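Contents: one structure, followed by commentary.
Keep in mind it's a predicted model, so treat the numbers as computed, not measured.
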Amino acid sequence: MAARLIWGLGFANAPLLYGLAAASIPIVIHLLNRRKFRETSWAAMRFLLAAIRKNQRRIRIEQWLLLCVRTLVLLFLGLAMAKPFLESYGAVLLGRRTHRVFVIDASMSMSYTSADKSRFEQAKELAARLLKESRGGDAASVILMGEPPRIVIGDPSPNLAEVRKEIEELTPTHGRADPRTALEAVERVLETSPIPQKEIVFLSDLQAASWRPSEAGSDELKRVVARLEARRPRIVFVDLGKAGGENRALTGLEIDAPVITSGMTAHVRATVRSYGTASSVPVRARLSDDGRLGPEETVDVPPGEAVPIVFSRQFSTPGEHLLEVAIDDDPLAVDNRRRLIVPVRDSLSVLLVDGHYRSEPYQAETDYLAQALEPSEEEPGRPRAIRVEVISESRLVNRDLTPYDAVGLCNVARFAAPEASALDQFLRQGGGVVVFGGDQVSAENYNQVLHDQGRGLLPAALGPTVGDAAKKEAGFLMNPLGFRHPIVAEYQGESDSVTSGLTQALTWQYHRLILPKDSKATVALAFDDGDPAVIESKRHRGTVIMVATSADAGWTTWPIHKSYPPVMQQIFLRAAAGRLEQRNIRVGEPFDQSFPAAAVAAPVSVTTPAGKTVAAKLTAVGGLGQLHFEQTDLAGRYEARVGPPVGVVSSFAANPDPSESDPAKLDRAALSAVFGDLSLVYVTGSNELALDPGSVGRRGELHRPLLQGLLVLLLVESLLAWKFGRGPARSRGTRP
Amino acid sequence: MENFQKYLDPRTLASLEGLDLQARMVVEGYVAGMHPSPYHGFSVEFAEHREYVPGDDIRHVDWKVWSKTDKLYLKQYEEETNLLLYLLLDVSESMDYASGENVTKLQYARFIAAALSYMVLQQQDSVGLVVFDDAVRRYLKPAGQPSQLKEVLRLMDAAPAREKTDLSVVFHDLAERFKKRGVIVLLSDLFDDPARVMAGVKHFRHRRHEVVVFHILDPAEIEFPFRETTLFKGLEGGAEVLTDPHALRRAYQDEIGSFLREIEKGCRMIDVDYVPLRTDQNLDIALSSYLASRSARIR
């Protein structure tokens with residue numbers, strides 16, 4: 001039975017529209033009555049004639065009114081039997097099987113709690129009640145709208161009790177929600193659905209951060225919506241959010257040192273943000289280290305602003321530390337805590353590859369650099385922050401780079417493809433590569449193997465060398481570029497006598513580093529002619545830093561200046577920072593970590609913040625065992641255990657996306673703007689559904705109001721008939 | 001013993017043959033249900049004085065009056081007072097209407113007239129009859145002989161339904177004709193202008209007659225119970241109306257109600273006994289009303 005559309009109205013039982021002809025029955029009866037009558041002799045004619053004379057006009061109006069009401073009664077009855085529905089609410093026909101797809105928003109903002117119930121719990125309850133109201137024969141699917149969306153039940157399940165049970169067991173994530181990928185998931189579910197009549201029920205708080213697409217995403221979203229609309233589903237949005245919500249959140253937690261070694265003191269910086277319009281309130285923040293309570297700070301956070309809180313923390317013991325900052329609880333508890341896994345190293349391990357290896361002191365390419373990174377006259381008793389190992393370039397190809405945090409390539413003449421590949425793999429593991437220039441460097445080889453037209457690990461191509469170190473004429477001074485870059489930021493605000501150690505270093509010769517136009521690399525230092533001297537760039541999880549001149553005193557006087565050791569240490573610490581960063585991810589991001597190749601066969605399990613242990617597998621990638629873990633949809637600490645023979649325990653922390661803390665939401669108009677022409681039913685969960693969840697299923701149906709109208713008309717008809725004819729006479733004189 | 005009370009029902013009574021029998025049955029039925037006897041009111045008590053005329057029995061001269069006034073008056077007693085009952089029977093066409101199983105208004109009026117005649121003659125009083133429509137059609141002078149009943153019944157039987165009623169003319173005419181004072185019993189539906197009707201009745205009162213109005217209507221004329229579209233054909237004159245009576249019911253009842261109120265009020269103003277009757281009511285109501293009216297006036 002196909003629905004027919006007339007003026008935007010659909011009719012589930014269109015053939016019954018012929019029943020509308022019944023509306024003519026009262027008119028026909030009226031006309032027939034005028035032709036068919038009984039006759040009677042009558043004595044009291046004078047009273048009858050007087051009554052007619054005085055009441056003819058009134059009687060005629062009453063008769064028309066009654067005729068009209070009776071015609072409407074049959075008209076309403078005929079229409080109600082045809083079961084009309086409004087096309088704008090989607091074509092859901094009663095009596096036909098419906099495939100109902102529940103899309104439940106599981107993003108962090110759905111954990112917002114009011115009246116002891118989170119929005120996610122409300123969504124589950126409503127979904128369960130809607131399922132309960134479903135008609136026999138209906139089927140349901142469930143999609144959890146997270147990052148990525150999870151199809152909980154794909155094939156339409158007619159076992160609604162089972163679906164309710166599945167929904168009951170759903171838990172919210174602490175991640176984001178992406179409407180586009182959720183709609184794509186809906187599309188996949190509907191693609192395989194054999195039931196022609198479809199309904200999609202979104203249960204969401206319509207948080208603006210999730211639902212308002214970016215400029216670029218808007219078009220893509222509209223394309224998905226257009227494809228979805230082609231399937232003509234009925235779309236219902238149940239809005240569980242509340243405009244004008246208040247929230248305080250920790251939106252950032254970072255440590256100022258790229259790599260921490262034992263004994264080092266670092267600053268932990270937490271950012272507290274207040275959303276909403278309430279007046280500024282004091283917020284108390286507490287730092288804890290591995291569960292031990294630390295310092296506490298209280299700050300006033302004005303509405304709409306972010307306030308930083310800095311804690312000073314000394315890390316005395318090596319190993320993994322879990323730093324946690326927490327603020328007082330509010331309705332959205334998840335974003336009141338942020339965690340940071342800080343691997344504290346005994347020392348940083350740096351491998352220097354010397355392209356001009358000599359045994360005599362200060363003759364080799366790496367002598368100044370090694371001394372700068374690991375000074376021989378360290379304070380007694382203080383652990384060394386960096387341990388350096390120097391090898392010749394010929395030994396690089398056989399060297400396992402995994403134990404090192406950073407590799408320095410000093411005046412290495414050429415690289416073969418396997419070496420480049422090993423270095424790239426090292427970068428994938430979060431390692432750092434620092435490349436120095438020199439007279440042996442083959443720019444052609446570097447550009448071909450390491451730069452590879454922007455595809456390789458080097459962020460810049462090597463141009464011709466500038467200056468002549470042999471003549472040592474007309475050297476180039478360093479331009480610190482305002483000391484803005486973290487590598488030289490320590491010099492900011494220092495006196496000239498201090499900064500001269502850097503700015504007065506003279507360079508006679510350097511490689512011109514040519515950055516591609518769209519390069520994201522940053523220039524830390526430049527020469528006074530404007531050419532870059534030090535470039536930093538991220539690659540994979542690691543960092544590549546290029547120094548345009550030599551590491552030794554062959555091309556530059558920098559190694560003999562006081563600024564050389566601290567700047568070089570900073571360069572290598574930043575290069576090795578990838579090792580730290582990879583321990584802290586955003587909720588929803590996959591976690592990657594490399595383990596020794598021997599671990600590939602070992603059993604691996606990951607314990608989530610909820611205490612659930614998930615089995616994982618390491619895959620062999622480039623001679624390493626690579627862990628790739630995607631189930632990071634909760635905020636907190638994850639612990640990966642690699643079983644024997646390796647026997648390693650490694651932790652990482654997942655923190656929520658700050659955008660999920662913003663309670664701003666879309667209203668109905670904004671939602672319509674996002675979805676373009678798509679017609680949808682919008683209901684607010686807190687009001688309308690609390691009273692009658694079944695109203696969602698009945699939206700757009702007109703037969704119920706018609707039947708109610710019919711009932712009213714029948715009452716009106718009875719009343720009118722009684723009033724016009726059967727009512728007691730006003731006269732009291734008609735005694736028996 | 002025969003249960004005479006059933007004959008108070010006009011429909012049962014209609015099944016009997018002959019008005020004389022019907023009259024007797026009504027009275028017998030009425031008497032059987034009454035306590036005490038209706039004859040009790042007519043005792044041998046002083047009623048009024050009358051001037052002596054030669055030939056009168058001097059035993060009845062009131063000497064006390066003679067001693068004070070020097071005039072001769074005779075004492076008259078109740079049993080000697082010959083009551084004159086004038087029955088005025090409306091036989092116009094409108095009286096020929098009956099709805100359903102009911103008797104016609106005319107037939108109902110005849111029952112009452114016959115019963116009253118029978119009762120009055122039983123009491124040695126005189127009864128006369130006027131049959132009228134728009135004019136007096138029959139007139140029987142009051143007389144007290146037993147044969148008078150037969151005459152009354154014969155005239156009523158013979159009276160066919162006639163044309164339109166014009167009561168005022170008839171009443172004025174009759175008021176002039178009735179020389180002796182008496183009781184006038186009017187049996188009619190009074191379908192005329194109430195003002196004119198009352199003007200005629202007033203004329204009777206002016207002549208010092210007692211008047212009892214039996215206003216006889218069919219139940220349908222009061223309730224107007226019709227539902228289907230109906231063509232109403234006027235019994236008096238050729239008017240025909242096709243209408244939906246259901247819609248008109250209330251308006252019609254308003255009209256007839258105001259007519260009835262006007263008649264009743266008019267009667268009350270001139271001290272006339274007004275007895276509304278429906279043709280589906282038992283006849284004893286008519287008889288009791290009459291007797292109650294009589295006894296009240298005698299006292």
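Heavy atoms closer than 4.5 Å to chain B are found in both the backbone and the side chain of Arg38(A). Contact of Leu242(B) with chain A is made through the side chain alone, with heavy-atom distances under 4.5 Å.
Atom-to-atom distance recorded for Trp42(A):CH2 and Leu231(B):CG is 13.5 Å, nearest 0.5 angstrom. In this structure, the separation between CD on Glu39(A) and CZ on Phe232(B) is 11.5 Å, given to the nearest 0.5 Å. Of the inter-residue distances, the one linking Tyr252(B) atom OH with Asn55(A) atom CG reads 14.0 Å to the nearest 0.5 angstrom.
Nearest heavy-atom pair, Arg58(A) versus Ala251(B), reported as atom, atom and distance to 0.1 Å: NH2-CB, 4.2 Å. Between Ala44(A) and Glu221(B) the shortest heavy-atom distance is N-OE2, 4.0 Å. The minimum heavy-atom distance linking Ala721(A) with His246(B) is given by the pair O-NE2, 4.5 Å. What you find for Tyr97(B) and Ser41(A) is that their closest heavy atoms are CE1-O, 3.2 Å.
Between Phe47(A) and Phe191(B), the ring center distance clears the sub-6.0 Å criterion.
A salt bridge links Glu255(B) to Lys54(A): at least one charged side-chain nitrogen sits closer than 4.0 Å to a carboxylate oxygen.
Counting only heavy atoms from C-beta outward, the side chains of Phe37(A) and Thr230(B) never approach each other to under 4.5 Å. Asp244(B) is listed as a side-chain neighbour of Gln63(A), based on a closest heavy-atom distance under 4.5 Å. Contact of the Met45(A) side chain with the Lys233(B) side chain is not registered, since no non-hydrogen atoms from C-beta on lie closer than 4.5 Å. At a threshold of 4.5 Å between non-hydrogen side-chain atoms, the residues Ile52(A) and Val241(B) count as touching.
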